[in-house]
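Data first, discussion second: the structure below is written as structure tokens.
If you read the sequence from its start, that first residue is 1, and numbering goes on from there. Note that this is a predicted model, so its numbers are computed, not measured.
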Amino acid sequence: MKSKKGKILVVLGAVIFLLVVIALSIAISIWNYGKEDEKAPSDVAIVLGAAIWDGEVSPVYRERINHGIYLYENGYVDYIILTGGFGEGSYKSDSAVAKEYALSQGVPEERILIEEKSTITEENLEFSKEVMDENGLSTAIIVSDPLHMKRSMLMARDYNINALSSPTTTSMYKSLKTKIPFLLREEFFYVGYCVVRVFR
């Protein structure tokens with residue numbers, strides 16, 4: 001009886017160890033992916049959405065937009081797509097607020113495109129692809145925070161976006177105190193998305 005119980009504990013221990021190793025390897029891959037910057041001349045920068053606060057872009061969204069502006073001003077892209085729909089009770093979309101910010105930074109209005117239907121990352125990319133198709137754009141640079149890039153790029157591929165990764169270098173997630181919760185959240189959603197996409 002003890003022998004059987006012992007074998008069960010050994011197997012259980014092995015399974016737990018394997019799961020920990022897998023979780024660590026995924027976390028490391030997300031962390032390392034965020035260090036890669038593939039930027040090269042493309043048609044458009046897709047800036048993934050974040051919150052707006054009291055009618056202004058949040059610090060996280062602001063730094064993503066700033067990176068998109070950098071790509072435009074330095075000749076990497078001809079257009080910027082700003083993403084984000086309407087929050088609860090909001091009369092203005094996140095992307096419309098983001099556009100106002102980009103305009104205030106000197107980006108010409110004709111170079112800014114927006115999508116106003118998304119509420120999550122996957123929709124940011126889904127609807128950005130529609131905007132690209134409507135405007136004859138075929139290549140993109142995806143812009144977000146470093147730890148958000150691995151999941152975002154997987155989704156971009158799933159929506160047939162010919163995309164490169166370029167994480168913002170001025171992310172508001174600077175300390176381990178802010179990075180670790182973000183990393184754990186990203187790992188959870190990355191694994192969840194990987195599971196869901198198998199059944200599509």
Side-chain angles (χ1 to χ4, degrees), residues 26 28-50 57 60-85 93-96 98-99 101-102 105 107-171 182 186-187 189-200:
I26 293 172
I28 291 170
S29 70
I30 291 172
W31 186 280
N32 288 337
Y33 195 97
K35 298 177 181 179
E36 299 177 13
D37 193 331
E38 304 170 331
K39 64 178 179 290
S42 304
D43 293 331
V44 63
I46 299 175
V47 180
L48 299 184
V57 291
V60 170
Y61 200 6
R62 181 192 67 223
E63 295 310 314
R64 295 181 186 183
I65 300 167
N66 284 341
H67 192 65
I69 293 172
Y70 163 83
L71 294 173
Y72 169 75
E73 291 180 339
N74 286 272
Y76 287 101
V77 299
D78 297 320
Y79 295 90
I80 301 172
I81 296 177
L82 301 171
T83 64
S93 69
D94 291 1
S95 55
K99 180 178 179 179
Y101 174 79
Q105 301 303 302
V107 181
E109 184 169 12
E110 66 270 18
R111 296 296 174 176
I112 304 171
L113 304 170
I114 65 173
E115 68 77 21
E116 298 183 283
K117 297 186 289 184
S118 65
T119 57
I120 57 175
T121 298
E122 184 175 358
E123 291 177 349
N124 287 167
L125 293 158
E126 177 185 2
F127 299 132
S128 289
K129 181 60 165 66
E130 292 180 0
V131 173
M132 288 179 66
D133 292 343
E134 290 166 2
N135 289 274
L137 307 173
S138 59
T139 57
I141 298 177
I142 308 299
V143 175
S144 191
D145 290 273
L147 296 176
H148 193 212
M149 295 308 305
K150 187 175 179 69
R151 179 164 64 100
S152 301
M153 290 300 291
L154 177 60
M155 291 176 173
R157 288 194 293 272
D158 286 348
Y159 282 99
N160 297 313
I161 300 174
N162 183 6
L164 300 172
S165 168
S166 186
T168 176
T169 57
T170 56
S171 172
F182 191 6
E186 271 305 303
E187 180 166 14
F189 284 112
Y190 177 79
V191 171
Y193 181 73
C194 287
V195 171
V196 169
R197 69 196 290 264
V198 170
F199 299 98
R200 289 183 172 175

Would you confirm whether [X], through its side chain, and [Y], through its main-chain N or O, come within 3.5 Å as a donor-acceptor pair?
X: Ser95; Y: Gly84; answer: yes
X: Ser128; Y: Leu125; answer: no
X: Ser42; Y: Thr139; answer: no

Interatomic spacing from [atom1] in [X] to [atom2] in [Y] - rounded to 0.5 Å:
X: Thr121; Y: Met155; atom1: OG1; atom2: CE; value: 6.0 Å
X: Ser152; Y: Ile46; atom1: OG; atom2: CD1; value: 10.5 Å
X: Ile28; Y: Glu187; atom1: CD1; atom2: CD; value: 10.0 Å

Original post:
Is it the case that Ser138 and Asp43 place a side-chain donor and acceptor less than 3.5 Å from each other?
Top reply: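 A donor-acceptor contact under 3.5 Å links the two side chains.
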
For a 4.5 angstrom cut-off between non-hydrogen side-chain atoms, does [X] reach [Y]?
X: Ile80; Y: Arg111; answer: no
X: Phe127; Y: Glu116; answer: no
X: Asn66; Y: Thr168; answer: no
X: Tyr79; Y: Ile112; answer: no

Applying side-chain contact (heavy atoms from CB on, under 4.5 Å), name anything that partners [X], two or more places apart in sequence or on another chain.
X: Asp133; value: Lys129
X: Glu126; value: Glu123, Tyr159
X: Asn135; value: Leu113, Val131, Leu137
X: Glu109; value: Lys99, Leu103

[X]: which residues meet the side-chain hydrogen bond (donor to acceptor under 3.5 Å, both in side chains) condition with it, sequence neighbours left out?
X: Gln105; answer: none
X: Ser166; answer: Asp37, His67
X: Thr169; answer: none
X: Glu36; answer: none

Subject >> Any residue meeting salt bridge (Lys or Arg N to Asp or Glu O under 4.0 Å) with Glu115, in chain and number order, not counting sequence neighbours >> reply: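 Expected list: none.
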
Subject >> Derivation of the side chain to side chain contact (heavy atoms under 4.5 Å, CB included) call for Arg157 and Leu154 >> reply: CA-CA 5 Å; Arg157 288 194 293 272; Leu154 177 60; 3.8 Å; yes

Check: residues 69-76 side-chain donor-acceptor pairs under 3.5 Å, at least two apart:
| from | atom 1 | to | atom 2 | distance (Å) |
| --- | --- | --- | --- | --- |
| Asn74 | ND2 | Tyr70 | O | 2.8 |

**OP:** Indicate yes or no: does Glu186 engage Arg151 in a salt bridge with an N to O separation below 4.0 Å.
**Re:**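 Here Glu186 pairs with Arg151 in a salt bridge, since their nearest N and O are under 4.0 Å apart.
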
Subject >> Nearest heavy atoms of Leu48 and Tyr61, plus distance in Å >> reply: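 It is O-CE1, 3.7 Å.
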
Original post:
Which pairs count as salt bridge (charged side-chain N to carboxylate O under 4.0 Å, His left out) when at least one residue sits in residues 190-200, sequence neighbours excluded?
Top reply: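 Checked against salt bridge (charged side-chain N to carboxylate O under 4.0 Å, His left out) - neighbours excluded - the pairs reaching residues 190-200 are Glu122-Arg200, Asp158-Arg197.
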
**OP:** Return each pair, listed once, that meets salt bridge (charged side-chain N to carboxylate O under 4.0 Å, His left out) where at least one residue sits in residues 138-147; pairs must be two or more places apart or across chains.
**Re:**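 Matches after skipping sequence neighbours: Arg64-Asp145.
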
